Protein chains: 2
Amino acid sequence: MAQFLHSDAPDFETAFSELLSAKREDAVDVDDAVAAIIADVRARGDAAVIELTHKFDRLDLTPGTLAFSVEEVDAEVAKVSAEDRAALDLAAERIEAYHTRQMPEDAAWEEDTGAMLGWRWRPVDAAGLYVPGGLASYPSSVLMNAIPARVAGVKRLVMCCPTPDGVVNPLVLAAARIAGIDQVFRIGGAQAVAAMAYGTETVPAVDKITGPGNAYVAAAKRRVFGRVGIDMIAGPSEVLVIADETGDADWIALDLLSQAEHDASAQSVLITTDEALGRAVMEAVDRHLGVLQRAAIAGASWRDFGAVIVVRDLDEAAVLTDRFAPEHLELCVAEPDGLAGKITHAGAIFLGSWTPEAVGDYVGGPNHVLPTARSARFSSGLSVLDFLKRTTLARMTPAALAAVGPAAERLAISESLEAHGLSVRARLDRLNR
Amino acid sequence: MAQFLHSDAPDFETAFSELLSAKREDAVDVDDAVAAIIADVRARGDAAVIELTHKFDRLDLTPGTLAFSVEEVDAEVAKVSAEDRAALDLAAERIEAYHTRQMPEDAAWEEDTGAMLGWRWRPVDAAGLYVPGGLASYPSSVLMNAIPARVAGVKRLVMCCPTPDGVVNPLVLAAARIAGIDQVFRIGGAQAVAAMAYGTETVPAVDKITGPGNAYVAAAKRRVFGRVGIDMIAGPSEVLVIADETGDADWIALDLLSQAEHDASAQSVLITTDEALGRAVMEAVDRHLGVLQRAAIAGASWRDFGAVIVVRDLDEAAVLTDRFAPEHLELCVAEPDGLAGKITHAGAIFLGSWTPEAVGDYVGGPNHVLPTARSARFSSGLSVLDFLKRTTLARMTPAALAAVGPAAERLAISESLEAHGLSVRARLDRLNR
């Protein structure tokens, strides 16, 4: 049973702090095992990947079968129903439209000094997408990771998705095809991350690796960071719903459970100005938990990390929300825009009761890869920027160098960097001759 | 003595690969020591920081003297000459002007469905800047890290700079004042990073930590990543110069030495279409090394990691440059814009012979914190974006939900996430009643 708190109770600050700092993840220390796997893949390439896949996924591969062939993908895609295919197509179209708007502009301008300054954006050459196998193998994640890369202009896009015991999710391959992924490898775990970071005879080395995964995948991503770019290391997911008296208890209960059903370590919290609504949501959650397929997972999450918090007013809700810095924020209130303006920290905001968070998971358009565990204080969801990098540009003229060069020379001398100063001085002397 | 290579020599590929993969950093394993320091600071706050500062910096502080007082900063700033102050002011002004242009736009639009989509950017609440003490204590780094944060709108900006044996660099404090830093703490190392990540009684916890540092600082930043945001972990610096027959051997030699004098592990490389120019640069470097103050450092860098590469044409230079993905790229050629267009990977490009890299270190305007060690393939220099985060926005209307909701429901069911589907269905059913 989730907690029911009042913000004006004397022990509220303690209870709220505990909610914020609840340790929702067991730190499994797989770092040594992962280091060994990465070293093995670097040293032996395909042979190591094949051995590790035999060991972990009980699957015998050869260099020639590491990747799905076009015919294999065709066969899996053919199993997808027309309705599922249409839903994936709609999702892909909307995700692409949203992310296309994110493309940043290059810039160049001439200053009074005559100097030209600016910057330009270029895509990374190659990106690799990790997709978990088994229960958490989500076609929507394929779209959310791959489409921003395609929109950014990444030329080569590969994907690794393990198929333990040979079990394949046809929807994942359908999503890969829709998203324009070039090659799909049926490998997973730290060995897949190592293969994409360093390359093997068969798996191409990429420049950026994104996508969710288990503790091994996360540890491997941390280790290869620097060699390649990575997206965030995602923690357990969370939703915060703010509701006033216009909120619908049943809808809110289902929104909270949408988060809770992901994972027993997910967190779902309602902050409301209406105590009666809060009570009604608690009841509705219990009612749904009685019949939900994933009641065991959702129930554990709600029991251990769930909460309903009754506050005096929406200003107080906004202050508490900023301390929470939620991954997903739903504003089930009469005036959601005004409330959104009072809140600084959230990964994604869903405005108004007609915007369930589940829409954002699939077809809203914005990315569903979002900062978890309070990291919305300082980081953003996945976007085209993750697959682009900026090069700054500067061009001095003799006149511009005459204007700013002496200050550069002075600062170089003050930092005891003589050659820096001389490189400017040599040019200035030419001007004065 | 640096290498002199010809791209058409039979062993060139081997030599070039070795240049690319030269291990320029000794991996000092300080991770266990750093973990202990962080745990100590988390557990004991100021007391731990004070003890560690006594131990490492031979300096006795109290909670009241951890930060410089306003009067202490005044006294140090008063030691700075008017000329140095004017140079810092010019640098600050130009850095601010450049970074102000980087501020991204918020966006919001209405779709055909009636849905509103968009995003908004907000600054992090608080940022912490690490500045090394001693030899590598650079006022220019203070400006380059702090000004983007200020431009982004960060409300609270603190800085940690150790003062071993009490030695203070007045220019660093002057730069801190110009950049509008709120508090400067005279602490350093892993203890300073831990204090800014977790907060102590005296040092405020921040959301983002940036700035260069030694192996302890780098290891501490890696460890607190996730609790707070960090900038990149910088490796040894490098410059690549491309020159045609219009290049000036003496200027290029000084540009190469500007990089080499930073650090014995820095790398300076010239790629040229003109063998005679290449030879002249080698000679000019040797001549300058005979008289340069930092000849020991610069000479070691040039000897161990420097190279001159003679190529057939500029197209070949561009291909090699992309494999190098240099932090700094100087184009000392007649048509630098055309050549820049052929190159994809570089942290910063300096166009034409009148744009020495040293200008970019101080007064150009673009940031001098740039991706090293080939990471320009996938990452960018420091910018205002490092101090901002994006929140995505979505607002469905009943009609918009009717248009896209069924696809979301279908995908939720295909992913066995029943509550996700029900949260959409409950709303759609209300519409159909």
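Only this structure's heavy atoms are used, side chains among them; waters, hydrogens and symmetry mates stay out. Since the structure is predicted, the reported quantities are computational estimates derived from the model, not experimental observations. The sequence lines fix the lettering, A, B, ..., with proteins before strands; numbering per chain opens at 1.
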Where on [X] is there a heavy atom nearer than 4.5 Å to chain A: the side chain, the backbone, both, or neither?
X        : value
B:Leu88  : both
B:Ala126 : neither
B:Thr372 : neither
B:Leu422 : both
B:Met232 : neither

Considering only heavy atoms, which portion of [X] lies under 4.5 Å from any heavy atom of chain B: side chain, backbone, both, or neither?
X        : result
A:Ser379 : backbone
A:Phe225 : both
A:Arg222 : both
A:Glu330 : side chain

Exercise for the section: State, without any angle test, whether B:His345 and A:Asp125 hold a side-chain donor-acceptor pair at a distance under 3.5 Å. Expected result: yes
Practice task
Flag this pair as yes if the NZ/CZ of B:Arg390 is under 6.0 angstrom from the six-membered ring centre of B:Trp119 and inside a 45 degree cone about the axis; otherwise no.
Solution key: no
Handout entry: Ring centers of A:His328, A:His368 separated by less than 6.0 Å
Key =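 No: the rings miss the under 6.0 Å criterion.
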Problem - Distance-minimising heavy-atom pair for B:Arg377 and B:Ala325 - result: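 Answer, listing the atom of B:Arg377 first, then B:Ala325: CG-CB, 3.7 Å.
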Practice task
May I ask you to name which of B:Leu90, B:Val124, B:Asp255 has the most heavy-atom pairs under 4.5 Å with chain A?
Solution key: B:Asp255
Practice task
Go through the steps for B:Trp109 and A:Tyr98 under the test ring-ring contact (aromatic ring centres under 6.0 Å, His included), then give the verdict.
Solution key: CA-CA 10 Å; B:Trp109 62 94; A:Tyr98 183 92; 5.4 Å; yes
Exercise for the section: Under the side-chain hydrogen bond (donor to acceptor under 3.5 Å, both in side chains) rule, collect the residues that match up with A:Asp250, sequence neighbours excluded. Expected result: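 By the side-chain hydrogen bond (donor to acceptor under 3.5 Å, both in side chains) rule, A:Asp250 matches A:Arg287, A:His288.
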